[in-house]
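Data first, discussion second: the structure below is written as structure tokens.
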Amino acid sequence: MVAGDAARWHETCCRIRMLIAQISDTHVRPKGKLYQGLVPSNRMLAQAVDHLNALDPRPDLVLLTGDLVDEGQPAEYAALAEILAGLRIPHLLIPGNHDARDVLRAELPAHGYLPAQGPLDYAIEDHPARIVALDTTVPGKHHGAIGAPSLAWLDATLAADTGRPVLLMLHHPPFLCGIPYLDKYGLEAPERLAAVVARHPHVERILCGHVHRPMQVRFAGTLAVTCPSTTTQIALRLRADAPPASFLEPPACLLHLWRPDAGMVTHTSYIGRFEGPLPFA
Ligand SMILES: [Fe+2]
């Protein structure tokens with residue numbers, strides 16, 4: 001490639017790049033109530049919204065990977081809608097085990113891409129990267145599962161366009177993370193999802209929530225990552241007898257930057273005020 005070609009290719013890549021932010025496990029409560037009676041999760045989501053709005057360049061899209069609210073109550077979804085009204089970036093959401101699929105659907109009518117019935121599985125085709133969402137929730141339970149019809153839909157959806165990278169979003173990570181109190185509530189039969197994903201190498205990332213911590217693992221030929229929470233972070237304790245706990249470690253979002261010449265790079269962006277900028281030489 002000569003210098004002029006390289007410059008044009010670089011320009012093309014910059015033009016069709018895509019920046020996708022991910023936040024997760026926002027656990028919104030009715031206005032005036034605290035998460036677990038202790039933590040201002042609504043205010044922390046509002047801070048995350050301010051953080052996302054201030055990013056430069058601004059993301060093209062924000063993905064929310066479940067546990068949008070804490071108890072699936074209409075008043076919680078009303079509070080969520082009010083906070084998200086301040087987010088000046090298009091956004092897509094999926095439910096987590098703390099959500100109630102039918103209440104969510106009814107209370108957030110602006111999210112017209114959500115199917116009217118059954119699991120909230122969907123695909124968004126409007127961008128250089130395709131967004132495919134799978135609803136892993138089991139009503140009334142904390143573990144996750146994906147039914148055979150959803151897996152068949154996923155297989156057909158992934159096969160329909162192999163020319164663009166896919167971000168597959170689901171709440172429950174499809175792997176054991178080694179933190180005992182999280183692995184009790186994982187995704188059932190992840191090998192069934194692995195069998196489908198392995199047939200589609202254009203799945204660039206699997207984006208998950210649920211564990212309130214950042215993690216990465218190789219999975220079925222792709223990379224599965226989890227997003228920190230915008231509120232509490234679950235304790236990183238790997239002993240089999242470890243008692244569960246959470247900490248107010250800095251909340252964060254993930255930024256997935258995709259360019260055709262560089263692939264997808266996932267960055268972690270901490271939400272809050274930190275000392276700096278300091279000189280870098
Ligand atoms: Fe959560």
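These numbers were taken from a predicted model, which means no experiment stands behind them. In what follows, residues are counted from 1 in the order of the sequence shown. Counting convention: from 1, in listed order, for ligands and their atoms alike.
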Quick one: do the His27 and Thr231 side chains pair a donor with an acceptor below 3.5 Å?
-> no
Test item: side-chain donor near acceptor, Thr65 and Ser24, under 3.5 Å | yes
Kindly say whether the aromatic ring centers of His91 and His111 come within a distance under 6.0 Å.
-> yes
Can you tell me if His27 has an N, O or S atom under 2.8 Å away from the Fe ion (ligand 1)?
-> yes
Check whether any N, O or S atom of His210, backbone or side chain, sits closer than 2.8 Å to the Fe ion (ligand 1).
-> no
Among the N/O/S atoms of Asp25, select the one at the shortest distance from the Fe ion (ligand 1) and name it.
-> OD2
Here the N/O/S atom of Asp67 closest to the Fe ion (ligand 1) would be OD2
Report the relative orientation of the aromatic rings in His172 and His210; use parallel for angles under 30°, tilted for 30 to 60°, perpendicular for over 60°.
-> tilted
